[in-house]
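One structure below.
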Amino acid sequence: MTINLTMLGQLISFVMFVLFCMKYVWPPLTQAMRERQKALAEGLEKAVMAEQRLEQANDSAALELDAAKQQSAELIAQARQRAQQIVEEAKGVASEEAERIKLGAQAEIDQEVNRAREALRVRVSELAVQGAEQILESTIDRSHHQVMLDKLATQL
Amino acid sequence: MAGDTKTSSEIIQHHITNLTYGQLPDGSWGYGRTVEEVQSMGFWAIHVDTMFWSLTLGCVFLGIFILAARSATSGVPGHLQNLCEIAVEFVEENVRQVFGTRPNPVIGPLSLTILIWVFLMNFMDLIPVDFIPFIAHLAGVEFFKVVPTTDPNATLGMSIGVFFLTLYYNFKIKGPIKFGAGLFTHPIPHWSMYWFNIILEMVDMVAKPLSHGLRLFGNMYAGEMIFILITLLPWYYQFVLALPWAIFHILVISLQAFVFMIMTIVYLTQAHQTGEH
C-alpha cells in the first residue's frame with residue numbers, strides 16, 4: 001500500500017500509451033469515421049436529389065403523355081375527317097361517272113332510236129311509194145318526186 | 001492458497017500485498033517474500049505485478065485498437081472496427097460535450113486511452129480473486145495482485161500525468177503571468193486576500209490529482225476487498241454473495257473508468273478556460 005517507484009513506472013507507461021494512441025489509433029479511426037459520415041451525408045443528399053428528379057421526371061412524363069394523347073386524338077379526328085372527305089369525294093366521282101355513263105348510254109340509245117327511226121322512215125316512205133304506185137298503177141318517177149319523198153320522210 | 005493455520009487478517013494481508021522488487025532488510029535486492037519484508041522496502045521499490053498487468057493490459061488495448069486502425073476503412077467497417085469506433089465515438093461525444101470543439105490533438109486519444117485502459121485494469125477485478133494468484137503461487141511467486149487499479153501507485157501515476165498536462169496547458173493557454181496571477185486573485189479578487197487565495201489555490205491544485213487518483217483507487221480497492229472477504233466464506237456458498245457482487249461490479253468498473261475519463265476532460269477544460277467564470 002506504500003507509494004513507491006511503481007507510480008513513476010505507471011506514469012511513464014501512461015505517457016507512452018497515450019502517445020501511441022495519439023499516433024497510431026486516434027487519427028486513422030477518426031478519419032475513417034469522418035469520411036464515412038461525409039459519404040453518408042452525400043449519399044443522403046443525392047438520394048433526396050434523385051427523388052426530386054424522379055418527381056420532376058414523373059411530372060414531365062405525365063405532361064408529355066397528356067400532350068401525346070391530345071395529339072393522337074387530334075390525329076384520329078383529322079383522319080376520320082379525311083376519310084369522310086375521301087368517301088364524299090369518291091361518292092361524288094362515282095355519281096358523276098354514273099351520270100356520265102348514263103348520259104353516254106342515253107345518247108347511244110337515242111342515236112340507235114334515231115337510226116332505227118331513220119331506217120323505219122325510209123322503209124315506210126318506200127312502202128308508201130310502193131303502195132301509191134300500186135294504187136296509181138303508174139310509175140312514179142323516183143327521181144322526179146325525190147324532193148317530195150324526202151319532205152314526206154322528214155314529216156314522219 | 002490460504003493455509004489452515006492462517007487467520008483471516010493474514011489471508012487479507014496476503015491478498016493485498018504486491019509482488020514487490022526492492023531492497024530487502026539484509027541489504028540485498030530481490031522480491032519481498034513476507035509482508036514485513038515488503039513493507040520495509042520504502043520508496044525505492046517497484047510493484048512488479050502492478051507494472052506487469054498495467055503494461056500487459058495497455059498493450060492489449062493498443063494491440064486491439066492499432067489492429068482496427070490499421071485496416072480502418074471509411075466503407076463498411078468490420079466487427080473489430082465497429083467496436084473500436086463505438087469507443088472512439090463515445091469518447092468524442094463526451095469530449096465535445098465537456099471540452100467543446102477547441103482544437104486539441106491530445107484530449108481525444110488521452111481520454112480514449114484512459115477509458116479503455118482503466119476499464120481493462122478494472123476488469124481484472126472480475127477474475128476470481130484467487131485464480132491468478134493461485135497459479136502464481138504454483139509458479140513460486142508469493143504475492144500477486146491482479147488488479148492494477150487497486151494499487152494507488154497506478155491510479156496516482158495516471159492522475160499525476162493528467163495533472164502535469166493541465167499544468168502544461170495552463171502555461172500554454174493562459175501564459176505563466178496570467179496563470180500565476182490567477183492563483184492569487186482567483187476566488188476573492190481583492191489584494192488583502194491574496195495570501196488566502198494562494199493557499200486555497202495550492203490546496204485545490206494538490207487536491208485535484210489526489211482526489212482524481214484516489215477516487216478510482218478507493219472504489220476498486222473496496223470492491224476487491226469485498227471479493228476477498230467473500231473468499232473467507234465456506235466455498236459452497238461463496239457464489240451466493242460473489243455472483244451478485246460481480247454482476248454489480250460490472251457496473252462499477254465501467255462507471256469508474258468513465259468517471260476517471262470525465263474527470264480528466266474536466267480538468268483539461270478548466271486549464272483551457274481563460275476568462276472568468
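Just so it is clear, the values below take in all heavy atoms, side chains as well, and ignore hydrogens, waters and symmetry mates. Residue numbers start from 1 in every chain, and the chains themselves are labelled A, B, ... in the order their sequence lines are given, proteins ahead of strands.
Electrostatic pairing of A/Arg115 and A/Glu112 counts as a salt bridge here, judged by a charged N lying under 4.0 Å from a carboxylate O. No salt bridge links A/Lys38 with A/Glu35; every basic N to acidic carboxylate O contact stays at or beyond 4.0 Å. Between B/Glu85 and A/Arg36 a salt bridge is recorded (basic side-chain N to carboxylate O distance below 4.0 Å).
Proximity to chain B is absent for every atom of A/Val15, based on heavy atoms less than 4.5 angstrom apart. Contacts between B/Val48 and chain A at a heavy-atom distance below 4.5 Å are absent for every atom of the residue. In this structure, chain A has heavy atoms under 4.5 Å from both the backbone and the side chain of B/Val106.
The minimum heavy-atom distance linking B/His212 with B/Phe260 is given by the pair NE2-O, 3.1 Å.
Among B/Ala68, B/Ser74, B/Pro77, B/Ser111, the residue making the largest number of heavy-atom pairs under 4.5 Å with chain A is B/Ser74. Contact count against chain A (heavy-atom pairs under 4.5 Å) is highest for B/Ala45 among B/Pro105, B/Gly58, B/Ala45, B/Gly161. Counting heavy-atom pairs closer than 4.5 Å to chain B, the top-ranked of the candidates A/Thr30, A/Leu29, A/Ile12 is A/Leu29. Between chain A and the options B/Val91, B/Leu62, B/Leu156, B/Thr50, heavy-atom pairs under 4.5 Å are most frequent for B/Leu62.
For the atom pair CG (B/Leu229) and CD (B/Glu224), the distance works out to 10.5 Å, reported to the nearest 0.5 Å.
Open room surrounds CZ on A/Phe20; 12 or fewer heavy atoms of other groups in view lie less than 6.0 Å from it.
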